[in-house]
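Encoded as structure tokens, the structure appears first; notes follow it.
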Amino acid sequence: MSLEIKKVFALVDCNNFYASCERLFRPELNGKPIVVLSNNDGCIVARSNEAKALGIPMGEPLFKVKNLIAKHGIHVFSSNYALYGDLSHRVMEVLRQMECDVEVYSIDEAFLSLPVNKTWDRLKYVAVLRERVRKCVGIPVSIGIATTKTLAKAANRVAKKDAAGVFELNGTEQIDKTLQSMDVGDIWGIGRRSVEKLNRYGVYTALDLKRSDETLVRKQLAVVGARTLMELNGIPCISLEQAPPSPKSIVTSRSFGHPVTSFEDLREAVIAYVSRAAEKLRGQGVEADTVNVFVTTGPFDKQAQYSNNQTISLPRPTASTPVMIDAAIRGLRLIYRSGYRYRKAGILITGITAHGNRQLDLFSIGKPMKEDTPLMAALDKINAKWGRGAIQYGISEVSDKPRSMQQTQKSAAYTTSWHELPIAKAAN
DNA sequence: TCTGGGGTCCTAGGACCC
DNA sequence: TCTGGGGTCCTAGGACCC
């Protein structure tokens, strides 16, 4: 009996996404090497093909490749997440208009579920889709098709190298040929540690892994690895998730542009992070009852190292900014030690539940809940209209404060700010 | 001088309970 | 001195992803 397959997966992946976003408004940079930096202009997080060809590694600290950048005149951009988020949204909208099931997997990737139908040309369909994204949004994408998500990822790698930008992995022979040409570490879900372990057992290529003994894989890589093994063999273990569940945790943290030593500066940073996280909670319509605050010195600093964190449980779930700020500051007081040069601080919010699903506590029964929901709603509305940080809690963020971010190469908010809209001129 | 940020899942081990 | 067996919950840490 053969397993009848009714659906296949397609993975749509934006090519060099952040770099493509920057180029969209600077078309003269097409064909030129460009890179995009992380927050604080710290690391390289995206590269155009030309920059990759010049040997700029992913995740490399900027200062290590300064010479290479100067030598080849590589264009450098600070990250502009508002722009990338907006363009991502536009790409996903085009996909949704194509009447197939869509799972938005990350800012630049989406899985689709396509029906298997002999009278229907899947490759042609995704080629049309690809062209539509290019025409409507201007972002180039590659699309890989296969019977499992893991194989669709592999198919996408091939699509990326092909001018057509679309590729389907179909049939044992073709699958094996493709997997043989891939390092095992190129497989989705196989990271550096797993590669080390697998190499010890003579597993080097993706095909080696596909043909590995399940007992061995399960022992070395546990259930996650066993799942990957099955997916490589065409047995789907990871399904399409159309409705993303509400987040289980929300982290807001930043490295400081310069070391921070005083409690006041740390407090100011933590207030800003909590405010942002609480806003996210409200945006998702959820509440949380646990706030963890953490601080750390820089791992690359020569000075004494210190890092610590403190969890504060709230009496009941909330999304109120002042309640959460109060908790975070209490936590910060417990872990702050003077005499250290802090490089990073952040907060982690957990215990997230849907608004209205809250467990009543013994002391609030029968008493009206004192809430500042209307205040928070007003706050969010004003900040949405006038820009993030238009109204804040006791913060004075000015550019010469130590924690302000370094962003020296930032492009304009072309699509999300009225003030920075690009001007189009029509010649007649 | 300069080394990102935000997530998920899994596992092991400790505390605690009956 | 001898100290079971089964279970839950929580946390920290590892590994991975984009």
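Basis for what follows: all heavy atoms, side chains included, without hydrogens, waters or symmetry-related copies. Since the model is a prediction, treat every value here as computed from it, not as a measurement. In what follows, every chain begins at residue 1, and chains take the letters A, B, ... in the order their sequences are listed.
Between the CD atom of A:Gln220 and the P atom of B:dC10 there is a distance of 19 Å, rounded to whole Å. The distance between atom CG of A:Asp186 and atom P of C:dC17, rounded to the nearest whole Å, is 10 Å. Whole-Å rounding puts the A:Ile44 CD1 to B:dG4 C1' distance at 12 Å. In this structure, A:Phe256 atom CZ and B:dC2 atom P are separated by 14 Å, rounded to whole Å. Between the CZ atom of A:Phe111 and the P atom of C:dC17 there is a distance of 12 Å, given to the nearest Å. Between A:Leu221 atom CG and B:dT11 atom P the separation is 12 Å, expressed in whole Å. Distance A:Arg192 CZ to C:dC18 P: 16 Å, rounded to the nearest Å. Put simply, CZ on A:Arg218 is 13 Å from C1' on B:dC10, counting in whole angstrom units.
The phosphate of C:dT11 (OP1 or OP2) has no side-chain N or O of A:Thr311 nearer than 4.0 angstrom. Phosphate contact (OP1/OP2 of B:dG4, side-chain N/O of A:Ser79, threshold under 4.0 Å): absent. Distances shorter than 4.0 Å separate some side-chain N or O of A:Ser255 from OP1 or OP2 on B:dG5. Residue A:Arg254 places at least one side-chain N or O closer than 4.0 Å to OP1 or OP2 of B:dG6. Taking only side-chain nitrogens and oxygens, A:Lys153 comes nearer than 4.0 Å to OP1 or OP2 of C:dC18. OP1 or OP2 of B:dC2 has at least one side-chain nitrogen or oxygen of A:Arg343 nearer than 4.0 Å. For the OP1/OP2 pair of B:dG4 and a distance below 4.0 Å, the side-chain nitrogens and oxygens of A:Ser253 include no atom meeting the criterion. In this model, the phosphate group of B:dT3 is not approached by any side-chain N or O of A:Lys344 to a distance below 4.0 Å at OP1 or OP2.
With values rounded to the nearest 0.5 angstrom, A:Ile143 atom CD1 is found 13.5 Å from A:Arg122 atom CZ.
Under the 4.0 Å criterion applied to side-chain N and carboxylate O atoms, A:Lys149 and A:Glu103 are assigned as salt-bridge partners. Salt-bridge check for A:Arg276 with A:Glu279: passed, with a basic side-chain N closer than 4.0 Å to an acidic carboxylate O. A salt bridge between A:Arg134 and A:Glu131 is present, with a side-chain N of the basic residue lying under 4.0 Å from a carboxylate O of the acidic one.
Using a 4.0 Å heavy-atom cutoff across all strands shown, A:Lys197 reaches no nucleic acid atom at all. Nucleic acid contact class of A:Lys248 (heavy atoms, under 4.0 Å, all strands): sugar-phosphate only. Within the 4.0 angstrom heavy-atom criterion, only backbone atoms of the sugar-phosphate kind lie near A:Glu109; the bases stay farther away. A:Ile190 comes within 4.0 angstrom of sugar-phosphate atoms only, judged by non-hydrogen atoms across all strands, and of no base. Residue A:Arg276 is out of contact with every strand shown, counting any heavy-atom pair closer than 4.0 Å. Counting non-hydrogen atoms under 4.0 angstrom, A:Ile250 reaches the backbone sugars and phosphates but no base. Nucleic acid contact class of A:Ile187 (heavy atoms, under 4.0 Å, all strands): sugar-phosphate only.
Side-chain atoms of A:Val224 lie closest to B:dC10 of the nucleotides B:dG6, B:dT3, B:dC10. When each of B:dC2, B:dC9, B:dG4 is scored by its nearest atom to the side-chain atoms of A:Phe63, the top-ranked nucleotide is B:dC2. Side-chain proximity of A:Val223 to B:dT8, B:dG5, B:dC10: nearest is B:dC10.
Nucleotides B:dT3 and C:dC18 are separated by 25 Å at their P atoms, to the nearest Å.
The aromatic ring of A:Phe300 is stacked on the base of B:dT3, with the two ring centres less than 5.5 Å apart and the planes inclined by under 30°.
Side-chain polar atoms of A:Ser411 and A:Asn80 form a donor-acceptor pair below 3.5 angstrom. With 3.5 Å as the limit, one finds no donor-acceptor pair spanning the side chains of A:Glu22 and A:Tyr414.
Each of A:Lys280 and A:Pro61 lies near DNA chain B, and the nucleotide nearest A:Pro61 is the one positioned closer to the 5' end. Toward the 5' end of DNA chain B, the nearer of the two residues A:Ala222 and A:Val251, judged by each one's closest nucleotide, is A:Val251.
Taking the six-membered ring for Trp and thresholds of 30 and 60 degrees, A:Tyr84 and A:Tyr18 have nearly parallel ring planes, at less than 30 degrees apart. In this pair, A:Tyr340 and A:Tyr306 present their aromatic rings parallel. The plane angle is below 30°, not in the 30 to 60° band.
Summarising the local packing, CZ of A:Phe263 is surrounded by more than 12 heavy atoms from other residues, nucleotides or ligands at distances under 6.0 Å.
For DNA chain B, each stem of at least three Watson-Crick or G-U pairs (distances under 3.5 Å) is given as range with range: B:5-18 with C:5-18.
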